[in-house]
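Quick notes on the structure that follows.
The structure displayed is predicted, hence computed values, not measured ones.
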Amino acid sequence: MTSPQPTESTDVLLVGAGIMSATLATILKDLQPDWDMTILERLDRAGLESSNAWNNAGTGHAALCELNYAPQAADGSVSAQKALNINEQYHVTRQLWTTLVESGVLKDPSTFINPVPHISMVFGEDHANYLRARYDSFTHNKLFERMEFSEDRDKIADWAPLTMHGRGAGRVAATFAPEGTDVDFGALTNQLIDHVASKGANVRYGQEVTTLNRQSDGSWMVKVEDRLNSDNNRTIHAKFVFLGAGGGALHLLQWSGIKEAKGFGGFPVSGLFLRNTDPAVTSQHNAKVYGQASVGAPPMSVPHLDTRYVNGQKAVMFGPYGGFKPNFLKHGSFLDLPKSVRAHNLYPMTRAGLANLDLVKYLVSELTKTRAQRMDALHEYYPTAESDEWDLIEAGQRVQVMKKDPQKGGVLQFGTELVTSADGSIGALLGASPGASTAVPIMLNLLSRCFPSKISDWEPRLKELIPAYGVKLNDNPQLADEVIGHTSRVLGIR
């Protein structure tokens, strides 16, 4: 006869120790230091999945270079609105990081953020005309006023020398945003987790949630399996649960049984990068150069030649090369995708799949690429790259959201989706890019939806943590100069 599992109680239970849980935990611990908090992570350290530096692009997504955030309309016009919204959100995130650096919560900012200009680069007449239209649309806005445009090869070579080495004939256009950044979200996550642990949060590793059961009072009974010692399996009684487990959040959300989770599915996309750590190469490149996605490619597969700073070391990465694995986590199971199919999401997933057959075609073509073909793709951005200088590494898994749509039946959504229960007792984050870079505004949204009765009490402190809380910087030029200037100085951004 087995003994009953021990039961613990906590006010806040966060599942997954990535950047999202770390951000929410940091904010909540500041707002409500008296609340008990427990963080569960299935791996043996924080930030090893999507938050790990080598598992993401580390762009510090500010929509300065990612062209998929500003698609061209049929009439040739380009709207800056989506990019502007993302840029505003990133500045909210930067403000919190700045406050945390000033208060000593975060270490020397160069341990997690470094100035790396963001460049968009395109080839050919049509793409160059698009980039010019994008530039004209963007620079009317305060937040994009420093962006430059050029088709002069010498100028582009000043911005990103490697991209012009040995380049053949043809029209080339680029935009340059000097305020871009590279972010090591893995290092940032660990610093935040260490901080909340020092403030009393109970952080446990090797712990996997197996079931979530809602109680009559809206609280949750959560069964947890200790992956290293089955004698330590337990049940945790939690007043509030956040599912911040990356690709694993979908299964957990489905197990919760809340009606708001109905209709959601996920489509996993994996990727590979080429990485170069040779100082002779890395010393010549300090930029994130983003191009146009291939036809049918998901936005997260936009080719980019990136400067990265990981553990204080500089590297250059190129990719990603798309791939497909049915697991929802890099350290997950091949059964993740089939196990996620339910009666309520089968139709939306089928409709979304049929509407995205070009994505399937793209992934098949990527899976069959040879080393030489991967180098051909790199040569488009770095013409003189030598194959033997580059290592192939595997990136993290991204699970794109599939959900119900009134008109189409189901859609594949490239972005993030915050799902919360009507009573605010549970919340989950699904999806991918821009994700980590907008973690702070996403978590502020979660707080307003899950703790509506507390927000007014919390607002004075939130305005101390985030000086421009609730204000659009683009609409307030003087405030924008003050806030961006201050965060740039503290975080070491040019």
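Judged by distance alone, with hydrogens and angles left aside, the side-chain atoms of R342 form a donor-acceptor pair with the main-chain N or O of K339 at under 3.5 Å. Judged by distance alone, the side chain of T189 and the main-chain N or O of F185 form a donor-acceptor pair under 3.5 Å. Here the side chain of E66 pairs a donor or acceptor atom with the backbone of L64 at under 3.5 angstrom. Q397 contributes no side-chain N or O that, together with a main-chain N or O of P268, makes up a donor-acceptor pair within less than 3.5 Å. With hydrogens and angles ignored, the 3.5 Å screen pairs no side-chain donor or acceptor of K408 with any backbone N or O of P348. A donor-acceptor contact shorter than 3.5 Å is absent between the side chain of T23 and the backbone of V440. Between the side chain of D184 and the backbone N or O of A187, at least one donor-acceptor pair lies under 3.5 Å. Not a single donor-acceptor pair under 3.5 Å links the side chain of S21 to the backbone N or O of G18. Remark: the backbone N or O of K239 is not paired with any side-chain donor or acceptor of S219 at under 3.5 angstrom. Of the possible polar contacts, none joining the H118 side chain to the K288 backbone as a donor-acceptor pair under 3.5 Å is found.
The only member of T10, D11, N202 that meets side chain to side chain donor-acceptor pair (under 3.5 Å) when paired with T38 is T10. Paired with E225 under the rule side-chain contact (heavy atoms from CB on, under 4.5 Å), one option of T211, N232, V209, T210 passes, and it is T210.
Residues L40 and I236 are in side-chain contact: their nearest non-hydrogen atoms beyond the backbone lie under 4.5 Å apart. Here the side chains of L363 and V269 are in contact, with some heavy-atom distance below 4.5 Å. At least one side-chain heavy atom of W458 sits under 4.5 Å from a side-chain heavy atom of Q32. Looking at heavy atoms from C-beta onward, E49 lies out of side-chain contact with E41 at the 4.5 angstrom threshold. For the pair H61 and T438, the minimum side-chain heavy-atom distance is 4.5 Å or more. Side-chain contact between T139 and E145 is absent, with no heavy atoms from C-beta onward closer than 4.5 Å. You'll find the side chain of L462 reaches within 4.5 Å of the side chain of L31, heavy atoms only. K472 places none of its side-chain heavy atoms less than 4.5 Å from the side chain of L84.
In terms of heavy-atom proximity, V471 sits nearest to E88 at O-OE1, 4.4 Å. Contact detail for T111 and K107: the closest heavy-atom pair is OG1-CB, 4.1 Å. Across every non-hydrogen atom of F264 and N345, the tightest pair is O-ND2, 3.0 Å. Taking all atoms of both residues into account, the shortest heavy-atom contact from L329 to G248 is CD2-N, 3.6 Å. Of all heavy-atom pairs between L43 and L48, the closest is CD1-CB, 3.8 Å. Of all the heavy atoms in S120 and C65, the pair that sits closest is OG-O, 2.9 Å.
Going from atom CG of L243 over to atom CG of L430 covers 9.0 Å, rounded to the nearest 0.5 Å. Expressed to the nearest 0.5 Å, how far CG of L429 lies from CG of L250 amounts to 12.0 Å. Within the model, atoms CD1 of I493 and CD1 of I484 stand 10.0 Å from one another, a figure rounded to the nearest 0.5 Å. In this structure, the separation between OG1 on T98 and CZ on R94 is 7.0 Å, given to the nearest 0.5 Å. To the nearest 0.5 angstrom, F242 atom CZ is 7.0 Å from M20 atom CE. Distance check: S103 OG to L465 CG gives 8.5 Å after rounding to the nearest 0.5 Å.
Between H304 and Y290, the angle of the ring planes stays under 30°, which puts this pair in the parallel group of the 30/60° scheme. Ring orientation note: the planes of F318 and Y321 are nearly perpendicular, at an angle over 60° on the 30°/60° scale. Taking the six-membered ring where tryptophan is involved, the planes of Y90 and W97 are perpendicular, since the angle between them exceeds 60° and thus also 30°.
Between Y362 and F324, the distance separating the two ring centers is not shorter than 6.0 angstrom. Taking the six-membered ring for Trp, W35 and F240 have ring centres at least 6.0 Å apart.
Within a 6.0 Å radius of CG in D34, other residues, nucleotides and ligands contribute more than 12 heavy atoms.
Side chain to side chain, K403 and Q413 meet the donor-acceptor criterion of an N or O pair below 3.5 Å. If you check the side chains of T487 and H91, you find no donor sitting under 3.5 Å from an acceptor. N85 and Q89 share no side-chain donor-acceptor pair at under 3.5 Å.
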Between L444 and I466, is the side-chain contact (heavy atoms from CB on, under 4.5 Å) condition met? List the steps. CA-CA 11 Å; L444 293 176; I466 304 162; 3.7 Å; yes
Using the rule given for side-chain contact (heavy atoms from CB on, under 4.5 Å), can you reason through E482 versus L479, listing the C-alpha separation, both sets of side-chain angles and the distance that settles it, and then say yes or no? CA-CA 5 Å; E482 294 173 3; L479 180 63; 4.0 Å; yes
Do D36 and E8 pass the side-chain contact (heavy atoms from CB on, under 4.5 Å) test, and can you show the C-alpha distance, the side-chain angles, and the key distance before you say yes or no? CA-CA 11 Å; D36 293 326; E8 303 172 4; over 6 Å; no
Which is it for V116 and Y309 under the side-chain contact (heavy atoms from CB on, under 4.5 Å) test, yes or no, and what are the steps along the way? CA-CA 10 Å; V116 175; Y309 289 90; 3.8 Å; yes
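Salt-bridge annotation for R227 and E208: present, with a side-chain N of the basic residue lying under 4.0 Å from a carboxylate O of the acidic one. The pair E394-K325 meets the salt-bridge criterion, with a side-chain N (NZ, NE, NH1 or NH2) lying under 4.0 Å from an Asp/Glu carboxylate O. Under a 4.0 Å N-O distance rule, the pair E260/R449 does not qualify as a salt bridge. Between R214 and D423 there is a salt bridge, since at least one side-chain N of the basic residue sits less than 4.0 Å from a carboxylate O of the acidic one.
Annotation: ring pair (Phe, Tyr, Trp, His ring centres under 6.0 Å) contacts of F138 (sequence neighbours excluded): F144.
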